[in-house]
Visitor: 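Here it is, the structure in full.
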2 protein chains.
Amino acid sequence: MARTTIHDIARELNTSSSTVSKALNDHPSISAATKELIKAAAQNLNYRQNRLASSLRSGRTNIIGILIPSSEIGFFGGVVHGIEKIARSNGYNILLFQSSDTGEYEVEGVETLLQTSVDGIIASIAKDTPTLDHFFDVKKRKVPLILFDRVKDELNSPSVVVDDYKGAFMATEHLIQQGYTNIAHISGPQHIKIFNDRLCGYVDALKMNNLPVNDDLIQYGRNSIESGRFSAERLLGRNKDMDAIFAVEDFTALGALQYLKQNGIKMPEKIGMIGFGNESFSPYVTPSLSTIDQQPARMGEEAFNLFLEAMAKKTAGNNGSAVEEVEEEPKKIVLEPVLIVRESSVKNG
Amino acid sequence: MARTTIHDIARELNTSSSTVSKALNDHPSISAATKELIKAAAQNLNYRQNRLASSLRSGRTNIIGILIPSSEIGFFGGVVHGIEKIARSNGYNILLFQSSDTGEYEVEGVETLLQTSVDGIIASIAKDTPTLDHFFDVKKRKVPLILFDRVKDELNSPSVVVDDYKGAFMATEHLIQQGYTNIAHISGPQHIKIFNDRLCGYVDALKMNNLPVNDDLIQYGRNSIESGRFSAERLLGRNKDMDAIFAVEDFTALGALQYLKQNGIKMPEKIGMIGFGNESFSPYVTPSLSTIDQQPARMGEEAFNLFLEAMAKKTAGNNGSAVEEVEEEPKKIVLEPVLIVRESSVKNG
DNA sequence: ATGAAAGCGCTAACAT
DNA sequence: ATGTTAGCGCTTTCAT
């Protein structure tokens, strides 16, 4: 009835539990014949390793903790998918925690992950985290910490983000190449870095292509569909010759798109449109929405790879050599944004 | 440098580690004063419980394993969100495994979860699982197994699904109430239970409302956007007076919607439309798509509650009373589908 | 190549 | 109310 242990196997074969343990772990000092014997017996007795005991003894769990705002959000679901897939193929499992963008839950999550002795933590930081103490705690414990998307430079951790500036630049330049010349931008709150980055990308793309930057063509919204609708109205009101909009997020673009459609303005003929984020609805609106993809699954993979590197470094550091503990510059991966061209931005479909 | 243990605390306070353990776990036999003292010391020494050791000893991990096809799929992301949220508030954590709808990965996932001694498993079964042996293994180990959405009656496990028949019935009846009378249905492969259930719901709603069931108005598709487009064309070709479509999935509805739009057929005036599944794009297509919501987060919560019940039953069973071990009928929760009315089905908006 | 023995950090039965 | 003790199942050093 009770679970089979290595002792049961040892008894069965008149050998010792340490031999069984070694055989099962393919230790080189055990003969091939013994290994075969032991593995067969294990199979017969329906043995299954107790990972708790193994981890307690060895000090590693092969579990990595993931901390995200919510798996309900498409982007994070995609990242988790990416991490889980590559983690599994490397013998790691995923312990998932959602912060709901709350600092309180985030602290609790980090606490639990540390208690569980996860081998590392991959996190995207909650919006309203008042302090970063809990993350410094992780570093203090020498548990590898990798950040993605919502990163904080103060933590001095390896990270992976998408190049927002470049994505915005690509989006804007794409519109220019399609023949649009009076291109507006609906931005977001400027204290959030990514929105400012995207604004800069927009501005630089115009400059680089010798187009004037017109303040009237820039509208600061609040990142909602409603705000997109409103912003489109305002932009159109003061710019009779506006012929394209680059919106800071697909949701904003969607609102603008709805407004233009309601007012009988043809897209992409009269006004071109491109968003940012490649939301799941974007291919299916009318006209289908051109956008910038942030490669969520890829981001997850890269984050896991950074974790593996950190682990390797940690192991190497433990070899007892008396090298000075120099905190080196952490690796920061910047993913290429991907331009997705659909109907809303192609004048001559 | 090394982690603080209860022994460190005991040494610090000249007491024993068992007292410390009890105090930290709020055991009633420890005086309030001692508890306070010990908790303060723990705080000072930055003590953090080692869950591995605790779990190894106590036999429970407070971790539940989740097995889903993919967190990239919106529905499953929502379910995971629901489970994680309620699990956390009950002191449980989530170990996540994705099968990618592959039997092989699913087997591997179950294996890992059992090795990790999870307290229970909540799973949605992969499409191409050739055998259910791995799940029977779970039951053999007396690990509570809860299924959702993709369930198998043979496993005789508690489960939670949405009432597909009723959802289809509601969708069809809604169209009838809106004044549509020649209502078509785009169905899916009939060997998949949910699609057949939905077909039955459609048929019965017509009958119940004294409308004729016309075979020409039923088209069997393959559950894709493309198939929806094609099906709409076929239906329209042989039914000049068709005035509404109930599609088996939102994706199918979307294809049909695209076809009708391209052919200048006004919705909802000329033809009404409703889908099933409440996909994330559905509110944003034109016209916005009426549909049936499957309550993913709610489904996750209910699944977790079933797990708690199973745990309670298991604990109660262990009290040594000599009751006959009768396998009782497992509880099967059937969630109410929710009708979401949007533009595509409201004639007199 | 194999085995003996110690111990990872904790809990819980049993003394006191 | 507190302390002693044993041991969960495994890995790993050291001896043989």
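Source: prediction; values computed, not measured. The figures here come from the full heavy-atom set of this structure, side chains too, leaving out hydrogens, waters and symmetry mates.
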Visitor: Establish, yes or no, whether a centroid distance under 6.0 Å links the rings of Tyr105(B) and Phe97(B).
Guide: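 No - the distance between ring centres of Tyr105(B) and Phe97(B) does not fall below the 6.0 Å cut-off.
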
Visitor: What class does the angle between the rings of Phe148(A) and Phe75(A) fall in, given that below 30° is parallel, 30 to 60° is tilted and above 60° is perpendicular?
Guide: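 If you compare the ring of Phe148(A) with that of Phe75(A), the planes turn out tilted.
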
Visitor: Taking for each residue the nucleotide of DNA chain D with the nearest heavy atom, is it Asn14(B) or Ser54(A) whose nucleotide lies nearer the 5' end?
Guide: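 That would be Asn14(B).
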
Visitor: Return the value, rounded to whole Å, for the distance between atom CG of Leu24(A) and atom C1' of dC10(D).
Guide: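 That distance rounds to 11 Å.
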
Visitor: Please state how far atom NE2 in His27(A) lies from atom P in dG3(C), giving the value in whole angstrom units.
Guide: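 After rounding, the reported distance stands at 14 Å.
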
Visitor: When you match Ser18(A) and Pro28(A) each to their closest nucleotide on DNA chain C, which lands nearer the 5' end?
Guide: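 Nearest nucleotide further toward 5': that of Pro28(A).
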
Visitor: Atom CD of Gln49(A) and atom P of dG9(D): how far apart are they, to the nearest Å?
Guide: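 It is 13 Å, rounded to the nearest whole Å.
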
Visitor: For a quick test of reading the model: is some side-chain N or O of Ser21(B) closer than 4.0 Å to OP1 or OP2 of dC10(C)?
Guide: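 Ser21(B) to dC10(C) OP1/OP2: no side-chain N or O under 4.0 Å.
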
Visitor: Return the value, rounded to whole Å, for the distance between atom CG of Leu56(B) and atom C1' of dC10(D).
Guide: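 Roughly 8 Å, once rounded to whole Å.
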
Visitor: Just N and O in the side chain of Ser31(B): are any of them under 4.0 Å from OP1 or OP2 of dT2(D)?
Guide: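 Answer is yes, contact under 4.0 Å.
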
Visitor: Between Asp8(B) and Arg3(B), does at least one N-O distance fall below 4.0 Å, as a salt bridge requires?
Guide: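 Result for this pair is no, no salt bridge flagged.
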
Visitor: Specify the separation, in whole Å, of atom CD1 of Ile30(B) and atom P of dT11(C).
Guide: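 After rounding, the reported distance stands at 12 Å.
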
Visitor: Which nucleotide in the set dG3(C), dG9(C), dT11(C) lies at the smallest distance from any side-chain heavy atom of Asn50(B)?
Guide: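 Of dG3(C), dG9(C), dT11(C), dG9(C) is nearest to the side chain of Asn50(B).
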
Visitor: Atom CD of Glu36(A) and atom P of dT2(C): how far apart are they, to the nearest Å?
Guide: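 Nearest whole value for this atom pair: 13 Å.
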
Visitor: With a 3.5 Å cut-off and just heavy-atom distances, do the side chain of Ser16(B) and the base of dT2(D) make a donor-acceptor pair?
Guide: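 Under the 3.5 Å cut-off, the side chain and the base do not form any donor-acceptor pair.
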
Visitor: Please work out if Thr5(A) contacts a base, only the sugar-phosphate, or nothing of the nucleic acid, heavy-atom cut-off 4.0 Å.
Guide: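 Here Thr5(A) touches the backbone only, sparing every base.
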
Visitor: Looking only at heavy atoms, which two atoms of Pro144(A) and Lys142(A) are closest? And how far apart?
Guide: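 Residues Pro144(A) and Lys142(A), closest heavy atoms: CD-O, 3.5 Å.
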
Visitor: So what does Ser29(B) touch, heavy atoms closer than 4.0 Å: a base, only the sugar-phosphate, or nothing?
Guide: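 If one applies the 4.0 Å heavy-atom cut-off, Ser29(B) turns out to touch a base.
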
Visitor: Given atom CD1 of Ile9(B) and atom C1' of dT2(D), what is their separation to the nearest angstrom?
Guide: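 Distance, rounded to whole Å: 16 Å.
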
Visitor: Give Thr34(B) one of three labels, base, sugar-phosphate or nothing, depending on what nucleic acid heavy atoms sit under 4.0 Å from its own.
Guide: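 Sugar-phosphate, backbone atoms only, no base.
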
Visitor: Flag the pair Glu302(B) and Arg298(B) as a salt bridge only when some basic side-chain nitrogen lies within less than 4.0 angstrom of an acidic carboxylate oxygen.
Guide: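 Here Glu302(B) pairs with Arg298(B) in a salt bridge, since their nearest N and O are under 4.0 Å apart.
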
Visitor: What's the closest nucleotide to the Thr19(B) side chain, out of dC10(D), dT2(C), dT2(D)?
Guide: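 Closest nucleotide among those given: dT2(D).
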
Visitor: Describe the nucleic acid contact of Thr15(B) in one word from base, sugar-phosphate, nothing, applying a heavy-atom distance below 4.0 Å.
Guide: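 Sugar-phosphate contact only - Thr15(B) comes under 4.0 Å of backbone atoms but never of a base.
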
Visitor: Go through dA12(C), dA1(C), dG9(D) for me and flag the one nearest to the Arg57(A) side chain.
Guide: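 Nearest to the side-chain atoms of Arg57(A), counting from C-beta on, is dG9(D).
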
Visitor: Atom CG of Leu52(A) to atom P of dC10(D): distance rounded to whole Å?
Guide: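 So the CG-P distance, Leu52(A) to dC10(D), works out to 10 Å.
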
